[in-house]
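Some notes on the structure that comes next.
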Amino acid sequence: MEALLSNVDWSEIGWASWDTLVMVGLSLLFSVLIGLPTGVLLFLFGKRQLLEQPVAYAVLSFVVNVLRSVPFIILLIVMIPFTVMLIGTSLGVAGAIPPLVAGGAPFFARLVETSLREVDRGIIEATQAMGANVRQIIFGALLPEALPGIIAGITVTAITLVSYAAMSGVIGGGGLGDLAIRFGYQRFQTDVMVITVALLVIFVQVLQMAGDRLVLYFSRK
């Protein structure tokens, strides 16, 4: 075992781990910034909701469903021209972020919509009875009540993005996935493959534990 580990370039492992954290962190940030308002609109435009708009809901729901239905490995390839136009490259950490956001944002939007649907209808009706407008209902009642569910959705999205980030290594996206493919698969370095898988498992466990703690904390408030 020591002989195998001695052949591992730990600096490469370190940089690849950092790249993965950057990819997941930035793509999660943009996924939340895009997915949260999209999920709120999906809820508001839904049937018997505050801003019921069947046509707008159908269009927005269609776009979200299309992005969610495309397998991420295909999305990576399809988005290469757009990524190059937007970022200037489709390689490395920067080149992986646009497809990660395209895969993560609609996924999170649906989770937000589901969390908002679970809010007690009586809370919305009570705030309406007090004369609150739509904006006040969203920020004063809906989002605070759905916060534990939204945090749980962020956790699930972050874990999904970890697997997506690893998958982006197929097109040279950088990070642990790229390291596993270049060294673990192409050069048959089993030790590198095992270490990258172990690190990805650790990342997921840490994210899940942190998310569970936050959900529990905000559920008690």
Side-chain angles (χ1 to χ4, degrees), residues 1-35 67-68 70-108 151-214:
M1 177 63 72
E2 292 183 3
L4 286 174
L5 294 179
S6 64
N7 294 325
V8 176
D9 188 340
W10 291 103
S11 63
E12 282 277 1
I13 297 288
W15 281 113
S17 300
W18 173 251
D19 286 347
T20 297
L21 290 174
V22 171
M23 282 192 291
V24 173
L26 289 177
S27 60
L28 179 63
L29 173 63
F30 288 115
S31 293
V32 171
L33 290 176
I34 296 171
L67 290 173
R68 287 183 62 207
V70 178
F72 185 69
I73 188 65
I74 296 176
L75 190 63
L76 278 171
I77 299 169
V78 169
M79 285 193 63
I80 286 177
F82 174 77
T83 302
V84 172
M85 181 179 67
L86 185 67
I87 304 295
T89 179
S90 64
L91 303 175
V93 173
I97 290 176
L100 285 172
V101 174
F107 179 79
F108 179 63
I151 293 173
I154 292 174
T155 303
V156 173
T157 304
I159 291 171
T160 301
L161 288 173
V162 170
S163 64
Y164 283 177
M167 206 180 302
S168 69
V170 173
I171 62 166
L176 291 171
D178 179 58
L179 193 70
I181 291 172
R182 287 191 294 113
F183 291 90
Y185 177 69
Q186 295 177 348
R187 301 185 187 181
F188 304 102
Q189 290 184 241
T190 306
D191 48 358
V192 174
M193 182 70 76
V194 171
I195 291 170
T196 54
V197 170
L199 286 171
L200 289 171
V201 170
I202 291 171
F203 287 165
V204 169
Q205 292 298 321
V206 170
L207 286 169
Q208 188 65 63
M209 287 190 295
D212 290 343
R213 284 179 178 272
L214 286 172

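Numbers here are sequence positions counted from 1. Excluded from the calculations below are hydrogen atoms, water molecules and symmetry mates; all remaining heavy atoms, backbone and side chain alike, are included.
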Could you pull out all residues at least two apart from Q208 that satisfy side-chain hydrogen bond (donor to acceptor under 3.5 Å, both in side chains)?
D212
Please round to the nearest 0.5 Å and tell me the distance separating atom CD1 of I97 and atom OG of S168.
10.0 Å
Rounded to the nearest 0.5 Å, how far does CE of M167 lie from CG of L100?
10.0 Å
Can you name the closest pair of heavy atoms from [X] and [Y] and give their distance?
X    : Y    : result
P106 : L67  : CG-CB, 3.7 Å
A102 : M79  : CB-SD, 3.4 Å
S31  : L161 : OG-CD1, 4.2 Å

Do T160 and F108 make a side-chain contact, defined as non-hydrogen atoms from C-beta onward lying under 4.5 Å apart?
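Counting from C-beta outward, T160 and F108 never come under 4.5 Å.
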The criterion is side chain to side chain contact (heavy atoms under 4.5 Å, CB included); which residues satisfy it with [X], sequence neighbours excluded?
X    : value
L207 : A158, I159, V162
I87  : T83, T89, A94, P98
V78  : I74

Side-chain donor-acceptor pairs of residues 20-27 under 3.5 Å, sequence neighbours excluded:
residue	atom	partner	partner atom	Å
T20	OG1	A16	O	3.0
T20	OG1	L176	N	2.9
S27	OG	M23	O	2.5
S27	OG	V24	O	3.2

With F72 via ring-ring contact (aromatic ring centres under 6.0 Å, His included) - residues at least two apart:
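ring-ring contact (aromatic ring centres under 6.0 Å, His included) check on F72 returns Y164.
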Counting only heavy atoms not in R68 (residues, nucleotides, ligands), do more than 12 fall under 6.0 Å from its CZ?
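Yes - once you tally the heavy atoms of other residues, nucleotides and ligands closer than 6.0 Å, there are more than 12.
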Under 3.5 Å, side-chain donor or acceptor atoms of residues 193-204 against the rest of the protein: list the pairs with distances, not counting sequence neighbours.
residue	atom	partner	partner atom	Å
T196	OG1	V192	O	3.1
T196	OG1	M193	O	2.7

